[in-house]
Amino acid sequence: MKYKLEVFALSDVGKVRKNNEDTVLTDPSLGLAIVADGMGGHSSGEVASSLAAKVTRDKFREMQITGLKPGNCDENLALETNQLGFAVQLANSVIYEAGNAAPENKGMGTTLSAILLNGGRISIAHIGDSRVYLLRDGVLQQMTEDHSLVMDHVRKGLLTLEQAEKSPLQNILTRALGTQKSPAVDLKEVPVMEDDRFLLCTDGLFKAVGTDKIAGILGSTADGQKACELLVRTANDNGGPDNVTVALGILKKKTL
């Protein structure tokens, strides 16, 4: 069966922040969606997240055209998944160099989560603590692993999830783009089914809205754009403590 990916997106500054350091990018021609949550002083966070999304998209597109096979390919993954991961690494290099080139951008970085429709699979590239969820048959599953200090502690059994959600250390990332020369980027592939819903979001959503509520909104709102609007509105109704950005990819059967 052949699929198409319908993508909807929305980004909002929230109720507390003065500027929006998130970036969302969708490219229907590539079947690609990206969210990124920047960090750094002044406007550095905005610069980092924008660079991450745009460089990843542009470099991936170039590799699609040329058919370039990256070095150190994971042979267990499709070429397109490896190309997406390599594009993210190239984006890291651009952000890292920009951060070291200008004093006002020193230390800037960003998360990045991306999905790519690749035949009967969704390829995922991920670094940081933005997330990709899959809603299938009413069940919401987190498809990415947070690269944060508190979630490392949860995985080691040092904290419970409830303790992690209240920890003052929850914003400390263990991995992000731009903060290291060659950080590891998580890559995975997920076989898809018709009507699967893949939600990409920054932490401004899931720290303000519980997963049960997110699942309820995704499952009960057929219109993809309205679902994005409702997710963002709910985060803001709950205080909007951070920028909130969502991208929703819905799998549809491709008709001739």
Side-chain angles (χ1 to χ4, degrees), residues 6-26 33-50 52-54 108-115 126-135 138-144 146-148 150-151 161-173 176 197-250:
E6 297 180 351
V7 183
F8 310 87
L10 187 63
S11 185
D12 189 85
V13 70
K15 298 296 185 182
V16 175
R17 305 281 188 179
K18 291 183 178 179
N19 59 322
N20 192 348
E21 295 186 322
D22 290 356
T23 294
V24 60
L25 183 153
T26 64
I34 300 171
V35 298
D37 182 354
M39 56 192 178
H42 306 290
S43 61
S44 297
E46 296 170 48
V47 173
S49 66
S50 179
K54 291 176 181 177
M108 73 177 181
T110 183
T111 71
L112 181 139
S113 296
I115 63 169
H126 166 75
I127 184 168
D129 68 347
S130 296
R131 292 180 179 176
V132 178
Y133 290 99
L134 167 61
L135 183 78
V139 178
L140 188 70
Q141 181 181 358
Q142 185 177 335
M143 306 305 294
T144 52
D146 293 358
H147 302 139
S148 64
V150 292
M151 290 309 297
L161 272 175
E162 292 75 17
Q163 290 170 330
E165 288 171 358
K166 297 175 182 177
S167 171
L169 304 177
Q170 63 179 311
N171 290 326
I172 298 176
L173 299 183
R197 291 187 162 211
F198 285 86
L199 175 69
L200 297 79
C201 60
T202 56
D203 63 350
L205 178 70
F206 60 80
K207 287 180 180 176
V209 184
T211 52
D212 288 347
K213 183 67 174 177
I214 292 173
I217 291 171
L218 291 177
S220 63
T221 313
D223 185 290
Q225 194 60 43
K226 288 183 178 177
C228 290
E229 292 168 2
L230 186 52
L231 288 168
V232 170
R233 188 184 317 136
T234 304
N236 283 331
D237 287 346
N238 290 345
D242 201 350
N243 309 144
V244 55
T245 298
V246 298
L248 177 60
I250 303 176

Contacts under 3.5 angstrom, residues 234-241 side chains, donor-acceptor by atom type, not counting sequence neighbours:
unit_1 : atom_1 : unit_2 : atom_2 : d
Thr234 : OG1    : Leu230 : O      : 2.7
Asn236 : ND2    : Asp12  : OD2    : 3.1
Asn238 : ND2    : Ala208 : O      : 2.8

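- Remark: Leu140 CG to Ile217 CD1 distance equals 11.0 Å, nearest 0.5 Å.
- Between Leu231 and Leu248, the closest side-chain pair of non-hydrogen atoms is not below 4.5 Å.
- Between the side chain of Thr202 and the backbone N or O of Val244, no donor-acceptor pair lies under 3.5 Å.
- Listed by first then second residue, pairs satisfying side chain to side chain donor-acceptor pair (under 3.5 Å) with a partner in residues 218-231 number zero, not counting sequence neighbours.
- Contacts of Arg17 classified as salt bridge (Lys or Arg N to Asp or Glu O under 4.0 Å), with partners at least two apart in sequence or in another chain: Asp242.
- Every side-chain contact (heavy atoms from CB on, under 4.5 Å) that Val132 has, sequence neighbours left out, goes to Ser113, Ile115, Ile124, Met143, Thr144, Phe198, Leu200.
- Between Leu173 and His147, every side-chain heavy-atom pair lies at or beyond the 4.5 Å cut-off.
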Original post:
Run the side-chain contact (heavy atoms from CB on, under 4.5 Å) check on Leu112 and Ile34 step by step: do they pass?
Top reply: CA-CA 7 Å; Leu112 181 139; Ile34 300 171; 3.8 Å; yes
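- The shortest non-hydrogen separation linking Ile214 to Leu199 is CG2-CD2, 3.7 Å.
- Here the shortest heavy-atom pairing between Thr110 and Ala176 reads O-CB, 3.6 Å.
- A pairwise comparison of heavy atoms in Ala9 and Val24 identifies CB-CG2, 3.7 Å as the closest pair.
- To the nearest 0.5 Å, atoms CG (Asp37) and SG (Cys201) are separated by 10.5 Å.
- For Thr23, the side chain to side chain donor-acceptor pair (under 3.5 Å) partners two or more places apart in sequence, or in a different chain, are Ser49.
- The number of heavy atoms from other shown groups lying within 6.0 Å of NZ (Lys207) is above 12.
- A donor-acceptor contact shorter than 3.5 Å links the side chain of Asn243 to the backbone of Glu21.
- Taking each heavy atom of Ser130 and Thr111 in turn, the nearest pair found is OG-OG1, 2.7 Å.
- Here Val150 pairs with Ser148, Leu159, Ala164, Ser167, Leu169, Gln170 under the side-chain contact (heavy atoms from CB on, under 4.5 Å) rule; sequence neighbours left out.
- By the side chain to side chain donor-acceptor pair (under 3.5 Å) test, Gln142 is found to be paired with Asp146, residues two or more places apart in sequence or in another chain being considered.
- Within the 4.5 Å cutoff, the side chain of Leu218 has no heavy atoms near those of the Tyr133 side chain.
- In terms of the side chain to side chain donor-acceptor pair (under 3.5 Å) criterion, residue partners of Thr245 (sequence neighbours excluded) are, by chain and number, Ser11, Asp22.
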